[in-house]
Every structure is written in structure tokens, then in C-alpha cells.
K.L.:
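This is the structure I have questions about; it appears just below.
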Amino acid sequence: EDMVNLDRESAAGSDAPLAPPDWTMEIQKEGNLLTAEVMRRGVPLGRVSMSWDGLDEPAARRTLADKARYWVQAFLARQVD
């Protein structure tokens, strides 16, 4: 398992929307499945997964981070102030 920030510094070269700096994901690998637990300030709020067949692991992790950023964007859009 490892922790990835979803803010500007970790999104270099990504077209996905940036997440605020308090959002992270913890990646777990099981066979060819990568799963990210998406967290805000360390509190788990959701999960995204993907198969990484045909991708090298760094590319798969970048793709998973993009999926998590889109998930965060959708989550924040649903929030009522």
C-alpha cells in the first residue's frame, strides 16, 4: 500500500481536475487489480478500481489517480454548502 496526494504536484501532465490538497488515495494491488481508497483528511470516502492489464505499473497508477481526481470532482459537486 502507498499514499498518493491528488493535488497539483502529483498531477503533472494530467488533464484530470485537480483535487484540493487535503485529498489522498491509498493504493492496494491485488493481481492485476489496483484499488484506491479515496480519503479526505485521512477519512475514507470512496473507492475506485481498475485492471492494469497492458499497462506498466507507473502508468496504471497515474490512470488510477486520474480516476480518483474525477471521483473527487463529482463528490465535491454533490456537496451542499
Side-chain angles (χ1 to χ4, degrees):
E1 298 179 6
D2 62 284
M3 192 72 69
V4 176
N5 290 333
L6 296 172
D7 60 358
R8 182 173 311 277
E9 288 187 18
S10 67
S14 172
D15 291 332
L18 298 175
D22 57 345
W23 287 88
T24 58
M25 69 178 193
E26 188 172 30
I27 300 174
Q28 298 172 355
K29 183 172 83 170
E30 186 175 323
N32 70 340
L33 183 68
L34 287 178
T35 301
E37 187 161 40
V38 182
M39 296 177 277
R40 185 177 200 181
R41 295 183 204 111
V43 177
L45 295 173
R47 288 187 178 171
V48 293
S49 297
M50 66 172 278
S51 168
W52 58 293
D53 283 340
L55 293 174
D56 63 29
E57 191 168 342
R61 288 171 175 270
R62 286 190 301 274
T63 301
L64 187 63
D66 283 350
K67 285 184 72 165
R69 288 183 185 97
Y70 282 113
W71 185 93
V72 169
Q73 179 188 41
F75 177 89
L76 292 174
R78 290 189 304 267
Q79 298 300 296
V80 177
D81 292 330

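Starting from 1, each residue takes its place in the sequence as its number. Since the structure is predicted, the reported quantities are computational estimates derived from the model, not experimental observations.
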K.L.:
Taking all non-hydrogen atoms of both residues, which atom of L55 and which atom of A60 are closest, and how far apart?
P.N.:
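So the minimum-distance heavy-atom pair works out to CD1-CA, 4.0 Å.
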K.L.:
Could you measure the distance from the CZ atom of R40 to the CG atom of D22? Nearest 0.5 Å is fine.
P.N.:
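One gets 5.0 Å once the value is rounded to the nearest 0.5 Å.
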K.L.:
Rounded to the nearest 0.5 Å, what's the gap from NZ on K29 to OG1 on T35? Could you check?
P.N.:
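The distance works out to 12.5 Å.
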K.L.:
Would you say L33 and V38 are hydrophobically clustered, going by side-chain heavy atoms of ILVMFWY under 4.5 Å?
P.N.:
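No: no chain of side-chain contacts under 4.5 Å links L33 to V38.
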K.L.:
Treating Ile, Leu, Val, Met, Phe, Trp and Tyr as nodes and any side-chain heavy-atom pair under 4.5 angstrom as an edge, say whether L76 and W71 lie in one connected cluster.
P.N.:
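Linked, L76 and W71 end up in one cluster.
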K.L.:
Which residues satisfy the side-chain hydrogen bond (donor to acceptor under 3.5 Å, both in side chains) test with R78, sequence neighbours excluded?
P.N.:
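With neighbours one apart ignored, the set is empty.
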K.L.:
What are the two closest non-hydrogen atoms of P44 and E37, and how far apart are they?
P.N.:
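Closest approach of P44 to E37, heavy atoms only: CB-OE2, 3.4 Å.
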K.L.:
With the side chain counted from C-beta on, respond yes when L34 and R61 share a heavy-atom pair under 4.5 Å apart, and no when they do not.
P.N.:
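Counting from C-beta outward, L34 and R61 do come under 4.5 Å.
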K.L.:
Kindly compute the distance separating CG (D56) from CZ (R62), expressed to the nearest 0.5 Å.
P.N.:
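Rounded to the nearest 0.5 Å, the CG-CZ separation comes to 6.5 Å.
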K.L.:
Hey, could you give me the CH2/OG1 distance between W52 and T63, rounded to the nearest 0.5 Å?
P.N.:
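Going from the CH2 atom of W52 to the OG1 atom of T63 covers 12.0 Å.
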K.L.:
Are L18 and Y70 connected in the hydrophobic side-chain network, where two residues link if heavy atoms are under 4.5 Å apart?
P.N.:
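Result: no, two separate clusters.
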K.L.:
What residues, two or more places apart in sequence or in another chain, satisfy side-chain hydrogen bond (donor to acceptor under 3.5 Å, both in side chains) together with Q73?
P.N.:
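Listed in chain order: nothing, the list is empty.
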K.L.:
Nearest 0.5 angstrom please: T24 OG1 to R41 CZ, how far?
P.N.:
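Going from the OG1 atom of T24 to the CZ atom of R41 covers 11.0 Å.
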K.L.:
Could you walk me through whether V48 and M25 pass the side chain to side chain contact (heavy atoms under 4.5 Å, CB included) test, one step at a time?
P.N.:
CA-CA 9 Å; V48 293; M25 69 178 193; 5.5 Å; no
K.L.:
To the nearest 0.5 Å, how far apart are CG in L64 and CZ in R69?
P.N.:
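Going from the CG atom of L64 to the CZ atom of R69 covers 10.0 Å.
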